[in-house]
Amino acid sequence: QVQLVESGGGLVQAGGSLRLSCAASRSIFSRHAMGWYRQAPGKQRELVATISSGGITNYADSVKGRFTISRDNALNTVYLQMNSLRPEDTAVYYCCASWVYWGQGTQVTVSS
């Protein structure tokens, strides 16, 4: 069992930045593709970004050029740097490992 714990969410004004972190409980982290998803009230959970075990990244069109996903296998941690935030980025952000293990989510609220 892999446990994932997200942190770094909060309230920020439009145009601001936040950095989310997701720490995994086990050292097998390096073998997993990692992803960030988000779910806004009344909407389905949607992909934000993914990063393979080899570091290949993929982004939703809505966040390309603003968000950056990265990973530190030595620390069993994946990050999501979010810049130029918009009110429509407001959601609960979830970390996942190989789309099997999920964190509890962290709230990101962007005020206009």
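Here the structure is a predicted model, which means the values were calculated and not measured. The figures that follow rest on heavy atoms only: side chains count, while hydrogens, waters and symmetry mates do not.
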**Student:** Do any pairs count as a salt bridge (Lys or Arg N to Asp or Glu O under 4.0 Å) and have a residue in residues 99-112, sequence neighbours left out, and if so which ones?
**Tutor:**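 Every candidate salt bridge (Lys or Arg N to Asp or Glu O under 4.0 Å) pair involving residues 99-112 fails, so no pair, neighbours aside, qualifies.
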**Student:** Among all residues two or more places apart in sequence or in another chain, which pass the side chain to side chain donor-acceptor pair (under 3.5 Å) test with Thr109?
**Tutor:**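 Once residues adjacent in sequence are excluded, the partners of Thr109 under the side chain to side chain donor-acceptor pair (under 3.5 Å) criterion are Gln107.
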**Student:** Using atom types as modelled, flag every donor-acceptor pair under 3.5 Å from a side chain in residues 9-18 to any protein atom, sequence neighbours excluded.
**Tutor:**
unit_1, atom_1, unit_2, atom_2, d
Ser17, OG, Asn83, OD1, 2.9

**Student:** Only counting residues at least two apart or in another chain, list the ones meeting side chain to side chain contact (heavy atoms under 4.5 Å, CB included) with Thr57.
**Tutor:**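 Checked Thr57 against side chain to side chain contact (heavy atoms under 4.5 Å, CB included); matches are Ile51, Tyr59, Ile69.
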**Student:** Any side-chain heavy atom of Met34 sitting closer than 4.5 Å to one from Thr50?
**Tutor:**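 Of all side-chain heavy-atom pairs linking Thr50 with Met34, none is under 4.5 Å.
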**Student:** Pairs under 3.5 angstrom only: tabulate donor-acceptor contacts from the side chains of residues 91-98 to other protein residues two or more places apart or in another chain.
**Tutor:**
unit_1, atom_1, unit_2, atom_2, d
Tyr93, OH, Arg38, NH1, 2.9
Tyr93, OH, Asp89, O, 2.6
Ser98, OG, His32, ND1, 2.7

**Student:** Can you name the residues that form a side chain to side chain donor-acceptor pair (under 3.5 Å) with Lys64, not counting sequence neighbours?
**Tutor:**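 Result, side chain to side chain donor-acceptor pair (under 3.5 Å) vs Lys64: Asp61.
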**Student:** Sequence neighbours left out, what passes side chain to side chain donor-acceptor pair (under 3.5 Å) with Tyr37? Give chain and number order.
**Tutor:**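 Here the qualifying residues are Trp99.
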**Student:** Could you check whether atom CD of Glu46 has more than 12 heavy atoms from other residues, nucleotides or ligands sitting under 6.0 Å from it?
**Tutor:**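 Enclosed.
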**Student:** Which pairs, with at least one residue in residues 52-83 and sequence neighbours excluded, count as a disulfide bond (SG atoms under 2.5 Å apart)?
**Tutor:**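 Residue pairs with at least one partner in residues 52-83: there are none.
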**Student:** Would you mind reporting whether Thr90 and Leu85 have side-chain heavy atoms less than 4.5 Å apart?
**Tutor:**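 No; the side chains remain at least 4.5 Å from each other.
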**Student:** Do Ser53 and Arg31 come close enough that some side-chain heavy atom pair is under 4.5 Å?
**Tutor:**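 In short, these two side chains do not touch, never coming nearer than 4.5 Å.
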**Student:** List in chain and number order the residues that pass side chain to side chain contact (heavy atoms under 4.5 Å, CB included) with Thr77, two or more places apart in sequence or in another chain; answer none if no residue qualifies.
**Tutor:**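 With neighbours one apart ignored, the set is Ser21, Ala23, Leu75, Tyr79.
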**Student:** Check whether any side-chain N or O of Gln81 sits under 3.5 Å from a backbone N or O of Phe67 as a donor-acceptor pair, and report yes or no.
**Tutor:**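 No; judged by distance alone, with no hydrogens or angles, the pair does not exist.
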**Student:** OG/Ser52 to CZ/Arg71 distance, rounded to the nearest 0.5 angstrom?
**Tutor:**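 Ser52 OG to Arg71 CZ: 7.0 Å, rounded to 0.5 Å.
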**Student:** Please report the C-alpha distance between Leu80 and Val48 in whole Å, then the side-chain angles of each, then the deciding distance to 0.1 Å, and finally whether the side chain to side chain contact (heavy atoms under 4.5 Å, CB included) criterion is met.
**Tutor:** CA-CA 9 Å; Leu80 185 69; Val48 176; 4.0 Å; yes
**Student:** Please determine whether residues Ile56 and Trp36 belong to a single hydrophobic cluster, defined as Ile, Leu, Val, Met, Phe, Trp and Tyr linked transitively by side-chain heavy-atom distances below 4.5 Å.
**Tutor:**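 Ile56 does not cluster with Trp36.
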**Student:** My understanding is that only residues two or more places apart in sequence, or in another chain, count here; which of them pass side chain to side chain donor-acceptor pair (under 3.5 Å) with Gln39?
**Tutor:**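 Gln39: no side chain to side chain donor-acceptor pair (under 3.5 Å) contacts found.
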**Student:** Would you check if Trp102 and Leu4 make a side-chain contact, meaning some heavy-atom pair closer than 4.5 Å?
**Tutor:**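 Heavy-atom side-chain distance check fails, nothing below 4.5 Å.
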